[in-house]
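The block underneath contains the structure these notes are about, expressed in structure tokens.
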Protein chains: 4
Amino acid sequence: MAESTTGQATRGRPRDPGVRARVLDAALTEYARSGWAGFTMHAVAGRAGVGKSSLYLRWPTKERLLADAIEAHSRPLVVDHDTGTLEGDLRALASHTLAHLLDPVGWVTLRIAVDAAVEAFDVREFSGRIIGRHSEAARTVLDRARRRGELSPAVDSHTVLEGLFGGLLMQALTMPHDERSPADLVGKITPLVDLVLRGVRTAPVDPCPPPGQTRADGPMPTAGR
Amino acid sequence: MAESTTGQATRGRPRDPGVRARVLDAALTEYARSGWAGFTMHAVAGRAGVGKSSLYLRWPTKERLLADAIEAHSRPLVVDHDTGTLEGDLRALASHTLAHLLDPVGWVTLRIAVDAAVEAFDVREFSGRIIGRHSEAARTVLDRARRRGELSPAVDSHTVLEGLFGGLLMQALTMPHDERSPADLVGKITPLVDLVLRGVRTAPVDPCPPPGQTRADGPMPTAGR
Amino acid sequence: MAESTTGQATRGRPRDPGVRARVLDAALTEYARSGWAGFTMHAVAGRAGVGKSSLYLRWPTKERLLADAIEAHSRPLVVDHDTGTLEGDLRALASHTLAHLLDPVGWVTLRIAVDAAVEAFDVREFSGRIIGRHSEAARTVLDRARRRGELSPAVDSHTVLEGLFGGLLMQALTMPHDERSPADLVGKITPLVDLVLRGVRTAPVDPCPPPGQTRADGPMPTAGR
Amino acid sequence: MAESTTGQATRGRPRDPGVRARVLDAALTEYARSGWAGFTMHAVAGRAGVGKSSLYLRWPTKERLLADAIEAHSRPLVVDHDTGTLEGDLRALASHTLAHLLDPVGWVTLRIAVDAAVEAFDVREFSGRIIGRHSEAARTVLDRARRRGELSPAVDSHTVLEGLFGGLLMQALTMPHDERSPADLVGKITPLVDLVLRGVRTAPVDPCPPPGQTRADGPMPTAGR
DNA sequence: AGCTAATCGAGACGGTACGTCGTGTCTTTTC
DNA sequence: GAAAAGACACGACGTACCGTCTCGATTAGCT
């Protein structure tokens, strides 16, 4: 995606496919050992046993290279077990997501995504990369729940995603480095998932006013503040 | 905070307090106009009319300088209007938090905080800086609600914070740059706040028992796993 | 000499005379251990236990300070033994001069003098400092010789000085650092002194008149060869 | 010489030979206009239209760069007219040498050479650079004279060089800046050359042993004025 | 005794050069 | 024509030193 695609006819020496793989590998290793500072094109090229030109031939910037490296190494991550209930699905999803965020690779993704979001880079990158497939998975899960009738029609899938992923993100960010392990995932996610579940399943905010309305009305959610 | 504190007796020429102020100002200005790239110590010193040495005398790194600049310029942010209800308080809090995250200053804070969290820096920085005072405010709000009995005893304040702030964070991060304005805050936060409120309230207690609904079923949301 | 002389009335706290001494000492020590590079005002002040202001109160520049330090520590150097013959006088003078140039202090003097001569500084510094008293001594010696009739009327004292000092200077400059010791001075200066003596003597006057030798006779202080 | 020699096979982009030339030129120009102070790597690079890295790729220090610049720009200086007599040769040699020392380039050479001699740098630099080719020329001249029998066997070539060059050096160093022009070279060198000639030609110190003499020739070598 | 004035140690101040390093491009030879 | 190597122009980094300045604390003579 970030890679320039030559695409056309095959003139001259064909690109060595090994180069891409070696570089991606070296990039991740190098990032892992030095962080963003000290993550040098020179170093990556050196570790990959590759000339810098071969790097720039494929990726226009450091950022894109690293992003690709992460993309390439992230596991397929097909979270779609369909446990049969929203609750089960959500717990599975949350576990996978937190595991991903705590994993070095996911960690890096996060870092880059935030960089991208903060800098002028394309913002789509963020949702695209950090929560790309997670997001799809979540949408699937929620749609399924909605069809099952487990989901209050008042809630917006997008909002649920925000709450769930955002909470997990916060958890990952505030977790001390030394505790950043995928141990006891269930214990970590349970309170948050429970919160979201309660918010999703019960009646709308407007707690049974008269009888009618879904809500949208109620006690004045808008309000200036 | 990031600044080296000499602390002890006042020997030698005292530091010109004006320098700190001018530098902090210049730093923010410079960052605003050029972003992180192009945010140069040289440029900051120049704009502040200060030698580079005076910068490094006070801040060991660029990051710390910028972080301090932000800290210093962030508004007092005392969100404690006590609207009387959890709902009102939460809406106010969410509005303020999102406004802060969308504001350039809050934006920068975010960026630095995440950097800090991702790199080896002390993780406390994150919660400390990005959500420091917001977090306190939230805790106050929630405690108040708990005393009022508005809060389900099952929910942990910490978890609510995660869900709420995390959701707002996600929103800020995924919002395209050009829409990143504090307009229609209420519209932006409402769905998320509603979700959290529903999850938080003193249990479905009796979720409109008579008619019956989808499934506001029993207690049971928690579940061991 | 290089020191600013306030001179006038004595109001206010008088200068601590110990300061000058301590600084001069520290300056020389510091220069000796680090050379010109690394010869820092800060370091000198530190070693002397003195504030930088006290330095700049006395010496306007580093150069002047070092120059003074050298001047202050150079031995009186009264070379005027009056051996009775030009030859003896010249040998003594040359020995002393070479010894001075090889001595660390003389060495430093040379360096500064050349710096001064090369840069825009006053050239008088050079003759003044590097060969100041040596030069006077030499002039005395030569005048005495002229009165004695040992000196060819054709030769100019100035030229003799140039030849002799210049030769010694070259010797000092081209001598490897590790051999730069005042050992065997006589052996080192003899060829050059002999050369000058031959060039200076009252003309070939009568080169070996009868048989009885021109001289080689009489005093014969040196030996050496 | 001061330049790092890669030496081996030619891999990667070869060094642009133009860079060296441009830099050397710029270095000399820059030195000429600002002296040692104000002789900045940045400025040199700028004037040469070259990156600083290219400078440091070739020369490890400022000193070496300047030294090389001088070396490169010093004229071939083949003083070997062979006037047929020692006297003529020596006058020519002295003229050239003094002219070189008074010339800005020679001046700089001197300064650097002395720096090199005084600091820990290799002393060979001094003889190597300041009097390198001059020294060779002188040796040639003296050898020729010796073959012709013009030179007393008692005198050592090395000593003659010391006297002559040293004298010229002194002259150059003590000459006020404003008189430092190559005008009237003959007038300037004559006394010194005469002195040396007399010292070189007459009978050895131990004078006129038998009667024969090597050559106490002519009556009056001086001439000149 | 009080006043005034200069010195002293300390160290902050505005500048500026240093030498290093990283970027992204260019230019070679080799495959 | 891609690949490996590495030179190239550019410019920021953080350190160090310069010479000036501003402190509080002396330490005198002069009133």
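No experiment lies behind these values; they were computed from the predicted model shown. In the text below, chain A, chain B and the rest are named by the order of the sequence lines, each starting its count at 1.
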Taking atom CG of Leu65(C) and atom CE of Met41(C), what is their separation to the nearest 0.5 Å? 5.0 Å
Which letters describe nucleotides 14-20 of chain E, given B = protein heavy atom under 4.0 Å from base, S = only from sugar-phosphate, - = neither? BB-SSBB
So do Tyr31(B) and Ile70(B) actually touch side chain to side chain, heavy atoms under 4.5 Å? no
Residues at least two apart in sequence or cross-chain that pass side-chain contact (heavy atoms from CB on, under 4.5 Å) with Asp25(A), listed by chain then number, are His73(A)
Partners of Arg47(B) by side chain to side chain donor-acceptor pair (under 3.5 Å), sequence neighbours excluded? Glu30(B)
Which letters describe nucleotides 23-31 of chain F, given B = protein heavy atom under 4.0 Å from base, S = only from sugar-phosphate, - = neither? B--BB-SS-
Checking Arg58(D) side chain against Ser54(D) main chain: does a donor-acceptor pair fall under 3.5 Å? yes
Rounded distance (nearest 0.5 Å) linking atom CG of Asp68(D) with atom CG of Leu28(D): 11.5 Å
What is the distance, to the nearest angstrom, from the CH2 atom on Trp59(B) to the C1' atom on dC13(F)? 18 Å
Roughly how many Å is it from CG in Leu57(C) to C1' in dA5(E), rounded to a whole number? 13 Å
What pair of heavy atoms forms the shortest contact from Ala45(A) to Gly51(A), and how long is it? CB-C, 4.2 Å
Nearest heavy-atom neighbours spanning Arg22(D) and Ala48(D): NH1-O, 3.1 Å
Thr40(C): which residues meet the side-chain contact (heavy atoms from CB on, under 4.5 Å) condition with it, sequence neighbours left out? His42(C), Ala43(C)
From CZ of Arg20(D) over to C1' of dC8(F), roughly how many Å is that when rounded to an integer? 17 Å
When the rotation axes relating C1' atoms of four end pairs to the next four are compared across the helix from dA1(E)-dT31(F) to dC31(E)-dG1(F), five pairs an end, they differ to 10° by 10°
Give the rounded distance in Å between these two atoms: CG of Leu55(C) and P of dA10(E). 12 Å
Arg64(C) vs dG19(F): side-chain N/O to OP1/OP2 distance below 4.0 Å: no
